[in-house]
Q: 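So that we are looking at the same thing, I have put the structure below in C-alpha cells.
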Amino acid sequence: MWKSIKSDISAVFDNDPAARSWFEVVFTYSGLHAIWAHRIGHWFYKKGMYTIARIISQWSRFMTGIEIHPGATIGQRLFIDHGMGVVIGETCEIGDDVILYQGVTLGGTGKEKGKRHPTIGNNVVVGSGAKILGSFTVGENSRVGSNAVVIQEVPPNSTVVCIPGKLVKRDGVRVNRLDHANLPDPVIDMFDGLQEQINELKEQLRLERLKNGGARQHDTQSV
C-alpha cells in the first residue's frame, strides 16, 4: 500500500510543474484524494460490501468534486489534474500512467448490462471536458483532445479530436487533416438550407404569378 501511495504522489510531481512539496501535494491535491478514497472504496466493493463502498465514493465526490464508482478498476500512477467534474463509471478500466483533466467523463451510452464503460490503455491523456462513452478501448499512448466526444474504439498511438471523435493522427502520421480555420458550423449550415428553401418558394410564387397574370391577360383579350 505504501508503495502505491508513493507512486501516486510521484505521478503528481511527474505531471504537474506547479507541485512544490510532498506536504502540499498530500494535503491540497483533490485528484490524489479522490484516487486514495477510490482505492479504499474499491477494496470494500470487491469484498461485496457495496453500500459501504458507495458511501465512501459519494463522500469523496462531495469533498473533491470527482466521482469515481467503486467498481471501476484503476491502474498505477493515475493523475487527475484540476479534477472538478470528472466522472468514472462502474465498469471502466484505466491502465497505468493515465492523465485525466477536469470535466472528463468515462461513461456509458444507456442502460445496457455488463461492460458498458470504456477501457483506457496505458499512457493515455484525456483533455479537459472530453467524453468517452461506451464499452470500447482507447489504445495505449493515445491522446483525446479537449471537449472531444469519443464513441468508438481508438487505436494505439492515436490522436482523436472533435464531436464526434475523429482520428487525426496515428503512429505519428496525420491521417485526417483538420482545418481549424474552416470548421463546419451546423447553425450556419441550417440557415443556408432554410435560405435555399425560401429562394425556391419565391421562385415558385413568381412563376405562379406570371402564369396567373398571363391567364388573366388572355381572358381580357378574349372578351
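We're numbering straight along the sequence, starting at 1.
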Q: Considering non-hydrogen atoms only, spot the tightest contact between V160 and A148 and give its length.
A: O-CB, 4.3 Å
Q: Please list, chain by chain and in numerical order, all residues satisfying side-chain hydrogen bond (donor to acceptor under 3.5 Å, both in side chains) with W59, sequence neighbours excluded.
A: none
Q: Which pair of non-hydrogen atoms, one from G89 and one from A72, has the smallest distance, and what is that distance?
A: O-CB, 3.3 Å
Q: Given the rule that I, L, V, M, F, W and Y join up when any side-chain heavy atoms are under 4.5 Å apart, are F23 and L32 in one cluster?
A: yes
Q: Side-chain heavy atoms under 4.5 angstrom apart, residues restricted to Ile, Leu, Val, Met, Phe, Trp, Tyr: same cluster for I40 and I74?
A: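 Each belongs to a different hydrophobic cluster.
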Q: Applying side-chain hydrogen bond (donor to acceptor under 3.5 Å, both in side chains), name anything that partners T119, two or more places apart in sequence or on another chain.
A: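 Counting only residues at least two positions away or on another chain, T119 forms a side-chain hydrogen bond (donor to acceptor under 3.5 Å, both in side chains) with K115.
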Q: Not counting sequence neighbours, which residues clear side-chain hydrogen bond (donor to acceptor under 3.5 Å, both in side chains) with N122? List them please.
A: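 N122: no side-chain hydrogen bond (donor to acceptor under 3.5 Å, both in side chains) contacts found.
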Q: Counting C-beta onward and ignoring hydrogens, is there a side-chain heavy-atom pair between R39 and D8 closer than 4.5 Å?
A: yes
Q: If we only count heavy atoms from C-beta on, is the I120 to P118 side-chain gap below 4.5 Å?
A: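 Yes, side chains in contact.
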Q: Would you confirm whether D16, through its side chain, and V12, through its main-chain N or O, come within 3.5 Å as a donor-acceptor pair?
A: no
Q: Working note: N199 + Q195, criterion side chain to side chain donor-acceptor pair (under 3.5 Å); need CA distance, chi angles, decisive distance, verdict.
A: CA-CA 6 Å; N199 292 338; Q195 187 62 52; 3.1 Å; yes
Q: Of all residues at least two apart in sequence or in a different chain, which pass the salt bridge (charged side-chain N to carboxylate O under 4.0 Å, His left out) check with E200?
A: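 Applying salt bridge (charged side-chain N to carboxylate O under 4.0 Å, His left out) to E200 gives none.
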Q: Can you list the steps and then say if Y29 with I9 is a side chain to side chain contact (heavy atoms under 4.5 Å, CB included)?
A: CA-CA 10 Å; Y29 275 67; I9 295 172; over 6 Å; no
Q: Just by distance, do the side chain of S60 and the backbone of Q58 share a donor-acceptor pair under 3.5 Å?
A: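 Side chain of S60 to backbone of Q58, a donor-acceptor pair under 3.5 Å: no, none is there.
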Q: The criterion is salt bridge (charged side-chain N to carboxylate O under 4.0 Å, His left out); which residues satisfy it with R54, sequence neighbours excluded?
A: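 Not a single residue meets the salt bridge (charged side-chain N to carboxylate O under 4.0 Å, His left out) criterion with R54.
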Q: Closest heavy-atom contact between G127 and V104?
A: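 Result for this residue pair: O-CG2, 3.3 Å.
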Q: Report whether W36 and V25 are members of the same hydrophobic cluster (ILVMFWY, side-chain heavy atoms less than 4.5 Å apart, transitive linking).
A: yes
Q: Would you say the side-chain atoms of K131 pair up with the backbone N or O of G103, donor to acceptor, closer than 3.5 Å?
A: yes
Q: Residues two or more places apart in sequence or in another chain: which of them pass salt bridge (charged side-chain N to carboxylate O under 4.0 Å, His left out) with D97?
A: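 Result, salt bridge (charged side-chain N to carboxylate O under 4.0 Å, His left out) vs D97: R77.
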Q: Would E93 and T137 count as a side chain to side chain contact (heavy atoms under 4.5 Å, CB included) here? Give the steps.
A: CA-CA 9 Å; E93 299 176 33; T137 299; over 6 Å; no
Q: Suppose we screen for salt bridge (charged side-chain N to carboxylate O under 4.0 Å, His left out). Which residues come up paired with E67, at least two apart in sequence or across chains?
A: R61
Q: Does the side chain of I68 come within less than 4.5 Å of I80's, by heavy atoms?
A: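 In short, these two side chains touch, coming nearer than 4.5 Å.
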Q: Check N141 against V124 and note the closest heavy-atom contact, atom names and distance.
A: N-CG2, 4.1 Å
Q: Return the SG to NE2 distance between C92 and H69, rounded to the nearest 0.5 Å.
A: 11.5 Å
Q: Which atom pair, heavy atoms only, marks the closest approach of I56 to A37?
A: CG2-O, 3.5 Å
Q: Y45: which other cluster members, linking ILVMFWY side chains closer than 4.5 Å, directly or transitively?
A: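 For the cluster that includes Y45, the remaining residues are Y50.
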Q: Test of understanding: clusters of I, L, V, M, F, W, Y form through side-chain heavy atoms closer than 4.5 Å, transitively. Do F27 and I5 belong to the same one?
A: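 Same hydrophobic cluster.
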Q: Without swapping roles, check the side chain of T91 against the backbone of R116 for a donor-acceptor pair under 3.5 Å.
A: yes
Q: Applying side chain to side chain contact (heavy atoms under 4.5 Å, CB included), run through I88 and I94 and close with a yes or a no.
A: CA-CA 9 Å; I88 300 174; I94 300 177; 3.9 Å; yes
Q: Count I, L, V, M, F, W, Y as connected when their side-chain heavy atoms are under 4.5 Å apart, and connections chain through other members. Are F13 and V125 then in the same cluster?
A: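 Yes: a chain of side-chain contacts under 4.5 Å links F13 to V125.
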Q: Strictly distance-based, threshold 3.5 Å: is any side-chain N or O of H33 a donor or acceptor partner for the main-chain N or O of V26?
A: yes
Q: Identify, with sequence neighbours excluded, every residue that meets side chain to side chain contact (heavy atoms under 4.5 Å, CB included) alongside R20.
A: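 Result, side chain to side chain contact (heavy atoms under 4.5 Å, CB included) vs R20: E24.
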Q: Supply the atom-to-atom distance L207 CG to E203 CD, rounded to the nearest 0.5 angstrom.
A: 4.5 Å
Q: With sequence neighbours left out, write down each residue that passes side-chain hydrogen bond (donor to acceptor under 3.5 Å, both in side chains) with Q152, or none if nothing qualifies.
A: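 Applying side-chain hydrogen bond (donor to acceptor under 3.5 Å, both in side chains) to Q152 gives none.
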Q: Considering only residues two or more places apart or on different chains, which pairs with a residue in residues 76-123 satisfy ring pair (Phe, Tyr, Trp, His ring centres under 6.0 Å)?
A: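 Non-adjacent pairs meeting ring pair (Phe, Tyr, Trp, His ring centres under 6.0 Å): zero.
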Q: Do V150 and V126 touch side chain to side chain, with heavy atoms closer than 4.5 Å?
A: no
Q: Please report the closest heavy-atom contact between S30 and I66, naming both atoms and the distance.
A: O-CD1, 4.0 Å
Q: My understanding is that a hydrophobic cluster links ILVMFWY residues whose side chain heavy atoms are under 4.5 Å apart, including indirect links. Using that, what else belongs to the cluster containing M84?
A: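 Members alongside M84: none; it stands by itself.
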